[in-house]
Each structure stands twice: as structure tokens, then as C-alpha cells.
Amino acid sequence: ERTKARLTKPRIPTNADQNAITEARLTELCTIAKTQKNITVWVIAFGTNLTTLLSNCASPGRAYQADNADQLTTTFSQIASQIAQLRITR
């Protein structure tokens, strides 16, 4: 007796699936940047909350939240100062 092979359509990922994939990729890239490439990662949550995902992506002490343009400008100034300090000490 002959059996027909069933062809199944690939399932379209749900929003939750896509979010999980994106978060896993971001986590992997942040880890590679910090641990394998020795890159300091700064994160600014602007227009969103500073989530655990974003905080974990950032290097220690390098995660910020800016709720408006003034806070964003201040945050970039703080980051610029930190970068200048890194250049002086290295």
C-alpha cells in the first residue's frame, strides 16, 4: 500500500515567537561584544522602559533611561564624559 507524504506548510512565527527570537539574538550579540570583543556597551532606553533585557545588554553601570529630549541630551553628555575618561586611562 502506498502512503502519500504529507506536505506541511511552514508555520508563520507569532509575535511572541518573533520577540523571543529577537531577544535571544540581542542577548547573544551583547554577550559577544562584551566578553569576546572587549567592547563597552552603552544602552539608552528612550521612549520605552529600561527593561532587564536592555540593562543586561549594557556593560555594568552603562544602562540609562531618558524620558524626554532634555534627559536624552544629558545622558549623551554623561556618556561622552565616560568615553573621554576611558581614553585618558587607557
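Just so it is clear, the model here is predicted, and its values are computed rather than measured. Hydrogens, waters and symmetry mates are skipped; everything else that's a heavy atom, side chains included, is used.
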Taking the side chain as every heavy atom from C-beta outward, state whether [X] and [Y] have any atom pair closer than 4.5 Å.
{"X": "Phe46", "Y": "Gln71", "value": "no"}
{"X": "Lys37", "Y": "Ile32", "value": "yes"}
{"X": "Gln36", "Y": "Thr31", "value": "no"}
{"X": "Thr27", "Y": "Asn56", "value": "no"}
{"X": "Ile79", "Y": "Tyr64", "value": "yes"}
{"X": "Leu26", "Y": "Cys30", "value": "yes"}

Please check if Leu29 and Ile21 belong to a single hydrophobic cluster, counting links between Ile, Leu, Val, Met, Phe, Trp and Tyr side chain heavy atoms closer than 4.5 Å.
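Hydrophobic grouping puts Leu29 apart from Ile21.
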
- prompt: Ile83, Phe76: one ILVMFWY side-chain cluster at the under-4.5 Å cut-off?
  reply: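 Cluster IDs for Ile83 and Phe76 match.
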
- Query: If every non-hydrogen atom of Lys34 is compared with every non-hydrogen atom of Cys57, which pair is closest and at what distance?
  - Reply: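 Looks like NZ-O, 3.2 Å.
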
**Request:** For Glu23 and Leu53, work out which heavy atoms get closest and say how close.
**Result:**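 In this case the closest contact between Glu23 and Leu53 is CG-CD2, 3.4 Å.
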
Which value, rounded to the nearest 0.5 Å, describes the distance between [X] atom [atom1] and [Y] atom [atom2]?
{"X": "Ile12", "Y": "Gln18", "atom1": "CD1", "atom2": "CD", "result": "9.5 Å"}
{"X": "Thr48", "Y": "Leu54", "atom1": "OG1", "atom2": "CG", "result": "7.0 Å"}
{"X": "Arg62", "Y": "Thr40", "atom1": "CZ", "atom2": "OG1", "result": "6.0 Å"}

Self-check item: Distance-only polar pair, side chains of Thr14 and Asp17, donor-acceptor under 3.5 Å
Solution: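 There is such a pair (donor and acceptor under 3.5 Å, judged by atom type) between the side chains of Thr14 and Asp17.
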
| Leu50 backbone acceptor or donor facing Gln65 side chain under 3.5 Å |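 Yes.
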
*Is the side chain of Ser59 donor-acceptor paired with the backbone N or O of Val41 at a distance under 3.5 Å, no angle test?*
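Pair found, side chain donor or acceptor close to backbone of Val41.
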
(message) Run the side-chain hydrogen bond (donor to acceptor under 3.5 Å, both in side chains) test against Arg25 and tell me which residues pass, sequence neighbours left out.
(response)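 Per chain and number, Arg25 pairs via side-chain hydrogen bond (donor to acceptor under 3.5 Å, both in side chains) with no residue.
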
